[in-house]
Number of protein chains: 2
Amino acid sequence: MEKLQQDFNQFPTFIHDMTDQPNRIPQYQYLYETLRQDIIRGVFKAGDLLPSESVLQQQFRLTQPTIRQALSLLVQEGYIRKHQGKGSIVQAIPVGLGVMSLKTHSVTADEKPAASDELSAELITTTILVKPYLRAFPLELLFYPTDENPTTTYYYMERLRSVNNTPVFYEKLILPNRYLPNLPRQRLSNRSFFDLLRTKYGLVVSGGEQKIQALTADEPIAKQLQVKPGRPVLRLEKRIDTNKSDFSFFSLLFARTDQFLLQGRF
Amino acid sequence: MEKLQQDFNQFPTFIHDMTDQPNRIPQYQYLYETLRQDIIRGVFKAGDLLPSESVLQQQFRLTQPTIRQALSLLVQEGYIRKHQGKGSIVQAIPVGLGVMSLKTHSVTADEKPAASDELSAELITTTILVKPYLRAFPLELLFYPTDENPTTTYYYMERLRSVNNTPVFYEKLILPNRYLPNLPRQRLSNRSFFDLLRTKYGLVVSGGEQKIQALTADEPIAKQLQVKPGRPVLRLEKRIDTNKSDFSFFSLLFARTDQFLLQGRF
DNA sequence: AAAAGTAGCTTATTATAATAAGTTATTGGT
DNA sequence: ACCAATAACTTATTATAATAAGCTACTTTT
């Protein structure tokens, strides 16, 4: 039997009936993505109350535990905040999981900024400095692959992310040569690398570990970030775990934080 | 009319029978704490398999969803890692929630360090530089209290954390003057401040937001951290949320990362 | 008018149950 | 001895149901 429901609410006729699909997405993940998109696209704005759990149950034909599983993901990512007896309140600043977002810090304490002083995404540009190629694991990292299944070769690439043409992030990415067919042929700039991994390769970031350090810029880094050598820069090294437990990748990022700073939630 | 319920609760004999207790701890939290302690105390060691969910069900007389709720907390904190069809594997390095831990980084890539190069806790000492006193919210912070219930006065204190007598963290803490009776009279040094909040005041950290920056040490910071003025230091500002939604507090931390670096999971 | 009570919303916790799907070890056949 | 099928584990997903408890707004009482 298929679910035949009339569905006269604002969003169309979805219901996500993937019966028999081999790569079935869990319902709670689908609901999470749906609500997340709605928040990002502004269907629900900061301060709004999300539909109550019982309303969501009816709308999506799911039961409370499933709804709650989706909502708890949203809580974890900071999209909403729940209050017992009150509801789920949409928060501003949807910050990605561990992926720190940019935020200007030209905020003096007496002039509170407007509700959203987030940078609009259009101002951020990504340049590929080094296109992905295969090589050995770079010795520069403090992490080393824990290789439950050892991989000998890794994709290596370098990106530069700029805000208003000011370079801010200089990032080196190292990914195991696995699960990633045709990576060098993918369109990489001006696009979230994490979205690419998710949509093209089914890899979802599940967490990771990071090591942070303040140091002075050496010559090559200073050149990329357009600062004087000797200026303080942030070194952020991450091991990023995914839903596939034998696939973790690494990021080594240098950031100038004189105009922008790193922000994240925990 | 009051609710006349007999309260012949199903959980009769066993553990953790807090029937009628006003501050009943949820079963999943109790289980989480129990397993967490077992891992910390070494009952389960890194690499071990945790008892399976069905075994835990029998041992604790709980059902699978409850067990899974506790386990998912352990996953979130990095204590275990779950593998479908295999079990829950205990991980090393229980890193506290967002509270970054110290780790030496004198690791060259070719000499892999031993399984645990974590610093033993005994080497870390905490000194109170400024004992808690009441004052207005300091302008130094980028965060400002979102005050759903505005608080006018805050506890302010300064701590210095050293490793082997080398100062590493210089921290300023700002806490709303609420829920914290007798704070100035508490023993504060050489003790986890978070443990104090939890045990004495029932405040459990639930997450937060942080802003990170690399900058050069000015005179007072250089003096506290015993580095030359102008050396790069890390500035880490956090808003720390708790289980009481009207109680968030703030931490402004300066760290020298030349010998040690900040590490955390996300 | 102010306070107390209450009804009706909300999320939170927990139990029970069934099925799916990944992993490992055993078994049986060649 | 090797290999494939399979049995017996494991965690993952989802549904249904009952009860607890926080919040809000309305109603009643004082």
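Quick note on labels: first sequence line is chain A, next is B, and so on, each numbered from 1.
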Which whole-number value in Å describes the distance from [X] [atom1] to [N] [atom2]?
{"X": "B:R61", "N": "C:dT16", "atom1": "CZ", "atom2": "P", "answer": "11 Å"}
{"X": "A:E53", "N": "D:dT16", "atom1": "CD", "atom2": "P", "answer": "16 Å"}
{"X": "A:Q27", "N": "D:dA12", "atom1": "CD", "atom2": "P", "answer": "18 Å"}
{"X": "B:L50", "N": "D:dT11", "atom1": "CG", "atom2": "P", "answer": "9 Å"}
{"X": "A:L49", "N": "D:dA25", "atom1": "CG", "atom2": "P", "answer": "11 Å"}
{"X": "A:Q57", "N": "D:dA17", "atom1": "CD", "atom2": "P", "answer": "11 Å"}
{"X": "A:R81", "N": "C:dT11", "atom1": "CZ", "atom2": "P", "answer": "16 Å"}
{"X": "A:L56", "N": "C:dT10", "atom1": "CG", "atom2": "C1'", "answer": "12 Å"}

Between A:Q64 and A:Q57, a side-chain donor and acceptor under 3.5 Å: no

side-chain N/O B:Y28 vs C:dT13 OP1/OP2, d < 4.0 Å: yes

C:dC9 OP1/OP2 closer than 4.0 Å to side-chain N/O of A:S54: no

Interface with DNA chain D, restricted to residues 63-73 of chain A and to heavy atoms under 4.0 Å: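 Contacts with DNA chain D under 4.0 Å: A:T63, A:Q64, A:P65, A:T66.
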
B:Y201 side chain to B:P181 backbone, donor-acceptor under 3.5 Å: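 Checking the backbone N and O of B:P181 against the side chain of B:Y201, a donor-acceptor pair under 3.5 Å is found.
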
Heavy-atom donor-acceptor pair, B:T153 side chain to B:N177 backbone, under 3.5 Å: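 A pair under 3.5 Å: no.
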
Salt bridge (Lys or Arg N to Asp or Glu O under 4.0 Å) partners of A:E237, counting only residues at least two apart: A:R235

Atom of A:E171, atom of A:S251 and distance for their closest heavy-atom approach: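 A:E171 and A:S251 have their closest heavy atoms at OE2-OG, 2.7 Å.
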
Considering all heavy atoms, the nearest B:V90-B:F44 contact: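 Nearest heavy atoms, B:V90 then B:F44: CG2-CB, 3.9 Å.
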
So which protein nitrogen or oxygen atoms get under 3.5 Å of nucleotides 23-27 of chain C's nitrogens or oxygens?
{"residue": "C:dT23", "atom": "O4'", "partner": "B:G85", "partner atom": "O", "Å": "3.2"}

Mutual orientation of the aromatic rings belonging to B:Y32 and B:Y79 [parallel < 30°, tilted 30-60°, perpendicular > 60°]: perpendicular

Parallel, tilted or perpendicular: ring planes of A:F250 versus A:F137, cut at 30 and 60 degrees: perpendicular

Atom pair CG (B:L56) and OG1 (B:T34), whose distance is rounded to the nearest 0.5 Å: 10.5 Å

